[in-house]
Amino acid sequence: DVQLQASGGGLVQAGGSLRLSCAGSGGPFDDYPIGWFRQAPGKEREGLGCISSSGGNTIYQDSVKGRFTISRDNAKNTVYMQMNSLKPEDTAVYYCAAFLGGPGIPTTQAMGDLGMFDYWGQGTLVTVSS
């Protein structure tokens, strides 16, 4: 099984930028579309976007569209999420996971079906100060 680990979180000021990484090991990383999620205390886990296994296609939820960009470098077994124009409401623990539904990507609505994702790594905390 592939193992995934998110990293790169930290404390940033509102309006600032941060790049998260999702590193894969131990399995066929490039077989899977990779999704990004976040969860704040007391809230449900929220799907943010997903990138196809080849890296050719991405989807984003409206809350982050235009601010966050997902990319991948399969030669490095790594998916990235560049986060710009950060807001205090972006404060959360961020996770990555593999999509099991095929090499393509789900619809933004289907990102809510967490059962279609597996190999969750431990999250990385992003805190945005006001």
Side-chain angles (χ1 to χ4, degrees):
D1 295 344
V2 67
Q3 308 298 128
L4 301 176
Q5 181 59 247
S7 63
L11 175 64
V12 298
Q13 294 180 327
S17 298
L18 202 62
R19 188 178 74 164
L20 304 184
S21 297
C22 177
S25 63
F29 177 79
D30 59 359
D31 281 359
Y32 300 104
I34 299 294
W36 282 98
F37 303 80
R38 68 185 179 190
Q39 188 167 23
K43 295 186 177 180
E44 297 180 352
R45 189 165 296 188
E46 175 188 17
L48 303 177
C50 192
I51 187 166
S52 61
S53 60
S54 68
N57 295 100
T58 52
I59 58 165
Y60 301 93
Q61 296 288 0
D62 287 343
S63 62
V64 303
K65 188 178 298 182
R67 298 190 298 124
F68 292 10
T69 302
I70 302 170
S71 61
R72 71 191 295 163
D73 185 345
N74 285 338
K76 297 181 178 179
N77 282 357
T78 304
V79 169
Y80 304 96
M81 186 163 68
Q82 178 69 40
M83 305 186 295
N84 298 327
S85 301
L86 284 163
K87 306 173 182 179
E89 51 263 45
D90 293 319
T91 296
V93 177
Y94 285 71
Y95 302 86
C96 58
F99 178 61
L100 303 184
I105 52 177
T107 64
T108 54
Q109 185 175 27
M111 288 290 295
D113 184 2
L114 302 185
M116 292 298 295
F117 292 83
D118 204 356
Y119 312 120
W120 297 85
Q122 286 192 322
T124 186
L125 176 63
V126 172
T127 302
V128 184
S129 62
S130 60

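We count residues from 1, following the sequence as given. For the numbers below, each heavy atom of this structure counts, side chains included, while hydrogens, waters and symmetry mates do not.
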Report yes or no: do W120 and M116 belong to one cluster of Ile/Leu/Val/Met/Phe/Trp/Tyr joined by side chain heavy-atom distances under 4.5 Å?
yes
*Indicate, with yes or no, if V2 and I70 share a hydrophobic cluster defined by side-chain heavy-atom contacts under 4.5 Å among Ile, Leu, Val, Met, Phe, Trp and Tyr.*
yes
Here the gap from S130 atom OG to K87 atom NZ, rounded to the nearest 0.5 Å, amounts to 14.0 Å
What one should report as the nearest heavy-atom pair of C50 and P33 is SG-CB, 3.9 Å
Residues passing the disulfide bond (SG atoms under 2.5 Å apart) test with C96, sequence neighbours excluded, are C22
Under 4.5 Å between side-chain heavy atoms, hopping through other hydrophobics if needed: is there a path connecting L100 to W36?
yes
Tightest non-hydrogen contact, residues E46 and S63, listed as OE2-OG, 3.4 Å
*asked:* Starting from I105, can I reach F37 by hopping between I/L/V/M/F/W/Y residues whose side chains sit under 4.5 Å apart?
replied: yes
task = Salt-bridge test for R38 and D90: reply yes if a basic N is under 4.0 Å from a carboxylate O, no otherwise.
result = yes
Point to revise | Heavy atoms from other residues, nucleotides or ligands near CD of Q39 exceed 12 (cutoff 6.0 Å) | key: yes
To the nearest 0.5 Å, atom CG of L11 lies from atom CG of L125 at 9.0 Å
dist I59:CD1 -> Q109:CD (nearest 0.5 Å) comes out at 11.0 Å
Taken to the nearest 0.5 Å, the spacing of S21 OG from N77 CG works out to 12.5 Å
Common cluster, M83/V79, ILVMFWY with side-chain heavy-atom separation under 4.5 Å: yes
ask   = Between the main-chain N or O of G55 and the side-chain N or O of R72, is there a donor-acceptor pair closer than 3.5 Å?
value = no
If we count only N and O atoms by modelled type, under 3.5 Å, do the side chains of S53 and D30 hold a donor and an acceptor together?
no
Closest non-hydrogen atoms of P106 and A110, given as atom of the first, atom of the second and distance, are CB-CB, 3.8 Å
side-chain contact (heavy atoms from CB on, under 4.5 Å) with M81: of I34, I51, L48, only one passes, and it is L48
Value for OG (S7) from CD (Q122), rounded to nearest 0.5 Å, stands at 12.0 Å
Discussion item. Before you tell me yes or no, could you show the steps for L20 and V126 under side-chain contact (heavy atoms from CB on, under 4.5 Å), namely the whole-Å CA-CA distance, both residues' side-chain angles and the distance that decides it to 0.1 Å?
Written reply: CA-CA 9 Å; L20 304 184; V126 172; 4.0 Å; yes
For P103 and S52 the tightest heavy-atom approach is O-CB, 3.7 Å
Notebook entry, point to check: Would a distance-only check, ignoring hydrogens and angles, find a side-chain to backbone donor-acceptor pair under 3.5 Å from T124 to A6?
Noted result: no
Note to self: Applying side-chain contact (heavy atoms from CB on, under 4.5 Å) to S71 and Q82, what does each step give before you reach the verdict?
What the structure shows: CA-CA 8 Å; S71 61; Q82 178 69 40; over 6 Å; no
For residues 59-100, the ring-ring contact (aromatic ring centres under 6.0 Å, His included) pairs (sequence neighbours left out) are F99-F117
